[in-house]
Amino acid sequence: MKIAKFSRLGFILAASGSAVGLGNIWKFPYITGEYGGGAFVFIYLITISLIGVTILLAEMLIGYMGKADCVTSFENLAPKNKGVWKYGGFMAFSGLMILTFYSVVIGWIFNYIFKSFSLPNSISESESQFNTFLSTDITTQLAFHTIVFLIVISIVVRGIKGGIEKLNLYLMPTLALILIGIFFYALSLDGFSQSFDFMFNLNWDKLSSQAIIIAVGHAFFTISLGMGAIMTYSASLPKNVNLFKSSLIVVVVDTAIALLAGLTLFAFLFEFGSEPAKGPGLVFISLPAIFNELGGLGNILALLFFISLAFAGLTSAVSLLEPSVQYFIDRFKLNRVKATLLAGSTFYIIGIFTLLANTESFSKALTFGSKNFFDWMDFTTSAFLLPLGGIVMAIFVGFIMQKDRVKSILEPQMGRNSFNIWYFVLKYIAPLAVLFVMLNELGVISLTE
Ligand code: TRP
């Protein structure tokens with residue numbers, strides 16, 4: 001029983017807002033740097049247009065037809081064995097797991113917004129500031145994690161229309177404006193042509209099999225696939241929305257922003273002689289030091305950049321919380337306030353442990369085997385839960401739901417040929433490709449070395 005639905009534009013913005021996140025602006029540029037540039041970008045683009053769009057459309061369809069939280073949607077749509085298929089809704093909780101570290105990282109970004117006017121003098125100073133912050137400054141990190149938690153729940157508690165749609169209506173256009181503005185500035189730098197080369201020159205010799213796996217994994221994460229965020233949003237779609245078009249728009253917006261962010265960051269890096277491969281510290285370490293070289297303009301660029309990053313993070317964070325909130329509302333008949341508090345405090349409390357896992361005092365206690373708790377959360381979700389969610393949805397729509405029902409909705413929207421191609425890829429290519437990547441990431445089979 002939904003009260004208020006998205007408007008068409010609201011849905012597109014909210015789904016794009018979910019997709020465009022830290023993955024685009026923070027992660028995409030640094031993995032592109034790490035895995036060698038052009039050829040990596042190429043593989044990423046192929047995956048996202050073939051497998052990404054295909055499964056995204058399936059996820060939208062389940063939400064649109066199921067009209068409820070993830071668990072109930074699977075239950076509603078399964079022709080038989082409903083009791084088994086409802087477990088497909090497990091994905092409603094993957095978002096909470098992602099949030100336990102996502103919120104902490106948005107907290108770091110908040111901290112950097114305030115640091116925009118006292119930038120470090122060199123990369124090494126920047127690096128030690130970042131590392132000290134992570135390993136010793138528990139109070140500040142906790143304060144910002146708390147603020148992120150409060151912002152996210154205060155949006156989600158207002159519901160789809162009054163909270164999530166509104167947030168995206170303001171933040172997404174602002175985010176786009178800021179990024180395009182910084183991009184135009186980057187365009188004027190000499191480093192831009194080098195950046196362009198780096199991102200689009202197909203240097204196959206640099207492409208490792210590991211890079212392919214990372215590209216596919218990231219394609220999932222970046223368009224918010226496989227954890228019911230898009231599914232839950234789609235349950236609040238107005239009638240007669242073209243799902244096919246919507247999925248294309250979301251993927252195009254997401255990809256455009258990732259490419260824009262990459263081109264911009266690398267232009268700055270090349271201009272000031274840093275190496276592109278700087279790992280996760282690219283945005284938090286290299287960038288502040290580079291902005292510092294630009295004097296007052298650099299302070300403003302830093303401020304705008306970190307604000308846009310925070311916006312991107314927040315619009316994704318609400319989409320990570322909503323699936324579990326909707327679940328508690330539909331299945332346990334909680335009101336929205338209680339449901340939001342329950343789901344919100346779960347990620348907030350576990351998030352404290354992910355935060356502590358990076359600190360000197362607690363890292364020992366919070367390291368299990370090869371990874372600390374923070375990295376385990378990241379790894380478990382992106383290597384296992386998201387791909388699994390993707391496979392489950394592909395199989396569900398491809399093999400379990402009656403073809404006629406699927407066809408009756410999608411064929412008029414996409415035409416006969418595209419429908420047939422989509423259906424084929426959904427059944428036979430996407431699940432196998434994802435399975436292959438998942439087994440690799442989990443180390444069950446090994447393509448690398
Ligand atoms: N897509 C977001 C990003 O690129 C992260 C995200 C939000 C996400 N919702 C999701 C990832 C759902 C997977 C599933 O940062």
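All heavy atoms count here, side chains included; hydrogens, waters and symmetry mates do not. Read the numbers this way: they start at 1 and go in the same order the structure lists the ligands and their atoms.
For ligand 1, one of its N or O atoms has an N or O atom of Gly23 under 3.5 Å away. Ligand 1 has no N or O atom lying under 3.5 Å from any N or O atom of Leu225, backbone or side chain. In terms of N/O distances under 3.5 Å, ligand 1 is approached by Leu22.
For Phe110 and Phe114, the ring centers are positioned 6.0 Å apart or more. The six-membered or imidazole ring of Trp85 lies near that of Phe396, with a centre-to-centre distance under 6.0 Å. With ring centers used as reference points, Tyr44 lies under 6.0 Å from Phe28. For an aromatic pair to be called close, the ring centres must be under 6.0 Å apart, and Trp108 with Phe284 satisfies this. Tyr102 and Phe347 have their aromatic ring centers separated by at least 6.0 angstrom.
Here CG of Leu341 is found 13.0 Å from OH of Tyr348. Values are rounded to the nearest 0.5 Å. The distance from atom CG of Leu225 to atom CZ of Phe220, rounded to the nearest 0.5 Å, is 4.5 Å.
Among all non-hydrogen protein atoms, the one lying nearest atom 11 (C) of ligand 1 is Phe221 O, 3.2 Å. With respect to atom 14 (C) of ligand 1, the closest heavy atom belonging to the protein is Met227 CG, 2.8 Å. For atom 5 (C) of ligand 1, the closest non-hydrogen atom on the protein side is Tyr102 OH, 3.6 Å. Among protein heavy atoms, the minimum distance from atom 2 (C) of ligand 1 is reached at Ser18 O, 3.3 Å.
Atoms of ligand 1 lying under 4.0 Å from any heavy atom of Ser319, numbered from 1 in the order shown and given with element: 7 (C), 9 (N). Short contacts between ligand 1 and Leu320, defined as distances under 4.0 Å to a heavy atom of the residue, involve ligand atoms 7 (C), 8 (C), 9 (N), 10 (C), 12 (C).
Of the options Gly17, Ser224, Ala19, Gly21, the smallest heavy-atom separation from atom 10 (C) of ligand 1 is shown by Ser224.
With a 4.0 Å heavy-atom cut-off, ligand 1 is reached by the side chain of Leu386 but not by its N, CA, C or O.
Using a 4.0 Å cut-off between charged nitrogen and carboxylate oxygen, Arg158 and Glu165 do not count as a salt-bridge pair.
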